[in-house]
Each structure stands twice: as C-alpha cells, then as structure tokens.
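Data block below; observations after.
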Amino acid sequence: MPETSDKELDIAIAGAGILGTSVAYFLSRFQGLKIGIFEREDSAAKHASSRNTGVIHRPFYIDPVKKPFFAEASSKSYSLWKDFASEFTLPWHQNGTLEVAGDAIGEKTLRKYARYAQMNGMEENEFSVLDISDLRRQYPQINALAGFYSRTDTAVDYGLFSSKLLELAQASGVKFFGNHSITAVSEDSDGVLFTCRTANGAKLFRTDYFLNLTGTGSLKLANSMGLALNYGLLLFRGDYWRISNEYTPGFSFNLYTVPRYSRFPFLDPHFINRWNGVREIGPNASLIFHDRAYSGSGMNAHNILESLNTGDVNSKIRLLSNPEFLRMLETEWESSKSKFAMAARLRRYLPSLSSTYIGKRGLGGIRGSVVDSSGFVPEALEFRTEHSMHMVNYNSPGATGSPYVAFSIIKSIIQDGYVHLKTGEVKKLKPENWEKLASGIEMQF
Ligand SMILES: Cc1cc2nc3c(=O)[nH]c(=O)nc-3n(C[C@H](O)[C@H](O)[C@H](O)COP(=O)(O)OP(=O)(O)OC[C@H]3O[C@@H](n4cnc5c(N)ncnc54)[C@H](O)[C@@H]3O)c2cc1C
C-alpha cells in the first residue's frame, strides 16, 4: 500500500508541457487556490513541447468547419504569444511560411487556404497566393506549380515559452511536483485521488479538480477513469535532419508542401528555418511503440502489448490493415532510417538540396494520434467527469493554440461551478492582453 500523504489541493494539473504550464499560469492569478502541477520528468516540456518544428502557425490551412477548435485557438493565440515573447524577451522570429503544390490537387488545396485564411480572421496583408509565374520569378530555386505565402508564421522556442510560464506560475504560488509520475486516478463524491510514483516511493494526493494534460499519456489516464474507451492511440515519431551551413537556399521562410495523404493527419516534411538560424528538414511520421522511443521503434513484446492495451484495440487493427496506410508507414520509416531518403522527399520541390548538405539528426518529437472506428480523429477531444477534465489528441498546432485553449478550459470549469474562487483577490498577469483575457473569466463568473 502506498504511504498516504496529507497533500490536499484545490486543483491538480497533470503534465507540464506547454498546455499544462499555460493553464498553471492563468490559474496562478487567483490567490487562495492551492494548485499543484505534476510532471513525471524533472522539469517542464521535455517531450512534444520542446521537440517540435517551433512554428507559430497562422490558421490558413485549418478548415474552420471541420476543425473549429484548432482554427479558433490558433487564430486567437497569435497576439498572446507575440506579446508574451516581447514582455519576457523570448525568441520571436517572424519569417513566414511558403506552402507549395506540385500538382493540380495541391493547387486546389492552396485556393481553399485563401478562403480559410479569411474565414479564420487573417488580415489580407498577411498572406498571398502565388501562381507558377510568380514562383518562377521570385523563387526560381523552388520547383512547384503554385504557392501560398503566410507572412506572419513565426519561428519560436516552445520549450523556452513553457519554462517561462512555469517559472511565472511558481512565483505566484503554484507548486511544481517534478519527478512525479501519475500512475492511478480515481474519483469519489468529494474529488479525485491520485497516486504518483516518485524516487521515494508512491505518494497519494487528493484534489477538488484534476486536469489531465499529459500529452501522449492522457488517453491512458482517461481510460483509467472509465473514459474514452472507444478510442485507440497510435504513436508516431517525427524525425528531423540538420542542413549544413554551406547550403544557401536563398530564402529564410519555412517551405511546406501540400500533404499528399489528406486522410491522415500528417504533413510531408518541410524545410525549416528555426529562430536560432538552425536549418532542418522534417518531420516525418514513423510508427513507434513507446512514448519515449526517441531512437528505434521501441518495438518489443511488452511495448506492443502495452500499446495495444491503450484504448480501443479494434480501431487500431482496422487502420493497420488499410493498405494505403501501410504503404505510408513504409515511406515514413525510410526517412527515419536514412537522411538521404528524407532529402529525396524534399528534392522534388528544392532540386538543389543535394544529399551532401544533410548532416546529423535533429531532435525528434512524438505525437499520440487518436483513432476511432472512422480512422484518425481530426480534432482534440475533451472528456469530463464531475471533478476532472481530460484533453486527448492535442496535436499540432497545439503549441500555437495553448494560451487560448488554457483560457477556455479554465473559463469552462469555473462557469460550471467546479472550481470555486476562494478569495476576491487576483494577481495581474503579464502581458496586458493575457490579463484582459483572464479578466473575462471573472466577469463571466
Ligand atoms: C514532430 C512534431 C512537430 C510539431 N510541430 C509543431 C509546430 O510547429 N507548431 C505547433 O503549434 N505545434 C507543433 N506540434 C504539436 C505540439 O508540439 C503539441 O501539440 C504540444 O506540444 C502538446 O503539448 P502538451 O502540453 O499537450 O503535451 P506534452 O508536451 O507532451 O506535455 C505533456 C507532459 O505530460 C507529462 N506526462 C505524461 N504522462 C504523465 C504522467 N503519467 N504523470 C505525470 N506527467 C506525465 C510528459 O512528461 C509531458 O511533459 C508538433 C508536434 C510534434 C510531435
């Protein structure tokens, strides 16, 4: 039996990625609440929130009808991040993204982007559509039929953003429990009980409200409370390869291509110009069997069983017997094993990118994609009980959207009356437009 601890909290946040730390920061303004943020690693953002492409995505490519959650979050979060980076002197490199099409289907997709950009509130001067003659004139080194240029896409470091949010939350009284891996969660009429594995053995905590924001771990924790049992989880690693300084492509934006497999939620690899001058190609999407398999596939009997046991098995089997999906898996694996295979995928659009310019591996990142009986689930999913909320399938552009998603989560749990503000006192948040949003919560409360 684990040792019973007297740790009692008003709100427990599970997971210190960019979403958990954004929530912690918003909540830290309410004085008198006992808030804990629990993380299995020793510090914030050791996984997807640091291991990503590092782009603040403008919502030009997000269908506002099929993906309203990400469209709104991405649109509303841009100015929040911009002010945050300026207030705390964090990297903010607005270098733009050019997405290109190599065939007629891709061209059609780019025309849709212009509509989505408008529907999602982008200003007209933020984007332009380029036809083949524009491309040949402006970027003769790029081989494509058409392009969509989003001027305000921005290169950042989400790992630094997360660490800053945690630091600010801690300074306002939020307690960080590093090296606390949550292993079991249960609910009674008063709240949630959960057990953490720590270096000193198991510890038990009680909280009025439990927020499960554990990224690839969230489906398993939700399942342990009897939620989301009709969904399965597949893990994919996106690998990156560095480009040597000798290669000068003649542009500083990110070069994306219209995804070939629109039925699957993965983008083809990009040419990335990061905020610090590092250039990389990637990411791909290689199927793996462990949520920290940063090399290899993590495939062994234990991990396969564990992987099959997370969520619904049938939905995974259905997808894994789809020949188109299996063919895609093969191509993706090739570019994880071989930098030459990754370069070849980009060379179709950037013929000068010879394999001699490809250097060592970058920092790969892992996403957990949720599947159900219809295939991949396109949006993030929220599950709730009386005293808990679980965010599942929170994938790209999740880092972009996290301030607004954090605000929406807090607003809803306060409005539903699950979290009781114990004092009238509030601390001000920085920057000013985060504060304005947070004040909106109180006004509605
Ligand atoms: C390759 C790749 C590229 C991407 N590029 C972009 C991009 O350019 N722009 C963009 O907006 N988005 C991008 N994304 C998506 C974005 O990175 C994620 O949506 C976002 O980081 C998810 O944040 P999170 O806080 O939900 O999860 P995470 O960052 O995974 O954080 C969850 C935390 O929970 C912890 N945890 C897990 N289980 C437990 C447990 N049982 N107990 C305690 N702690 C636990 C983990 O250690 C982790 O720190 C990319 C993702 C990948 C994989």
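Basis for what follows: all heavy atoms, side chains included, without hydrogens, waters or symmetry-related copies. Everything numeric here is computed off the predicted structure, so don't read it as measured data.
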Heavy-atom side-chain proximity of [X] to [Y] below 4.5 angstrom:
{"X": "Thr53", "Y": "Tyr256", "result": "yes"}
{"X": "Val392", "Y": "Tyr231", "result": "no"}
{"X": "Lys430", "Y": "Leu168", "result": "no"}
{"X": "Ser150", "Y": "Met122", "result": "yes"}
{"X": "Leu165", "Y": "Phe84", "result": "yes"}

For Trp241, give me all partners under ring pair (Phe, Tyr, Trp, His ring centres under 6.0 Å), at least two apart in sequence or on another chain.
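Ring pair (Phe, Tyr, Trp, His ring centres under 6.0 Å) list for Trp241, sorted by chain: empty.
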
Excluding sequence neighbours, so at least two apart, what forms side chain to side chain contact (heavy atoms under 4.5 Å, CB included) with Glu187?
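Checked Glu187 against side chain to side chain contact (heavy atoms under 4.5 Å, CB included); matches are Val192, Met225, Thr385, Glu386, His387, Ser388.
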
Phe289: which residues meet the side chain to side chain contact (heavy atoms under 4.5 Å, CB included) condition with it, sequence neighbours left out?
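Scan of Phe289 (side chain to side chain contact (heavy atoms under 4.5 Å, CB included), adjacent residues dropped) gives Leu287, Met299, Asn303, Ile304, Ser307.
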
Would a line drawn from the ring center of [X] to the ring center of [Y] be shorter than 6.0 Å?
{"X": "Tyr139", "Y": "Phe251", "value": "no"}
{"X": "Phe38", "Y": "Phe205", "value": "yes"}
{"X": "Phe407", "Y": "Trp434", "value": "no"}

Show the atom names and distances, to 0.1 Å, of all donor-acceptor pairs under 3.5 Å that link a side chain in residues 61-68 to residues at least two apart or in another chain.
{"from": "Asp63", "atom 1": "OD1", "to": "Val65", "atom 2": "N", "distance (Å)": "2.8"}
{"from": "Asp63", "atom 1": "OD1", "to": "Lys66", "atom 2": "N", "distance (Å)": "3.3"}
{"from": "Asp63", "atom 1": "OD2", "to": "Tyr116", "atom 2": "OH", "distance (Å)": "3.3"}

With under 30° as parallel and over 60° as perpendicular, where do the rings of Phe148 and Phe127 fit, or are they tilted in between?
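Correct class here is parallel.
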
Classify the ring geometry between Phe60 and Tyr113 as parallel (under 30°), tilted (30 to 60°) or perpendicular (over 60°).
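Because their plane-to-plane angle is over 60°, the rings of Phe60 and Tyr113 count as perpendicular.
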
Start with the C-alpha distance between Glu435 and Arg29, add both sets of side-chain angles, then the distance that settles salt bridge (Lys or Arg N to Asp or Glu O under 4.0 Å), and finish with yes or no.
CA-CA 9 Å; Glu435 174 56 27; Arg29 78 190 302 273; 2.5 Å; yes

Pairs touching residues 344-362 that satisfy salt bridge (charged side-chain N to carboxylate O under 4.0 Å, His left out), sequence neighbours left out:
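Listed once each, the pairs are Asp268-Arg345, Glu332-Arg345.
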
Enumerate the salt bridge (charged side-chain N to carboxylate O under 4.0 Å, His left out) contacts for residues 275-287, please, sequence neighbours excluded, ordered by first and then second residue.
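For residues 275-287: Arg242-Glu280, Arg274-Glu280.
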
Are any side-chain N or O atoms of Asp10 and backbone N or O atoms of Lys34, one a donor and one an acceptor, separated by less than 3.5 Å?
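At least one qualifying donor-acceptor pair exists.
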
For Glu41 and Lys46, indicate whether the former's side chain and the latter's backbone hold a donor-acceptor pair under 3.5 Å.
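No, Glu41 side chain to Lys46 backbone: no donor-acceptor pair under 3.5 Å.
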
Can you give me the closest heavy-atom contact between Pro59 and Ala71, atom names plus distance?
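It is CB-O, 4.1 Å.
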
Can you name the one residue among Thr400, Thr97, Thr154, Thr152 that meets side chain to side chain contact (heavy atoms under 4.5 Å, CB included) with His57?
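With His57 as partner, Thr400, Thr97, Thr154, Thr152 yield a single side chain to side chain contact (heavy atoms under 4.5 Å, CB included), made by Thr400.
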
Pair Lys436 + Asp83: basic N to acidic O under 4.0 Å:
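Salt bridge: no.
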
With side chain to side chain contact (heavy atoms under 4.5 Å, CB included) as the test, would you mind laying out the steps for Phe236 and Asn395 before giving the verdict?
CA-CA 11 Å; Phe236 294 89; Asn395 292 317; over 6 Å; no

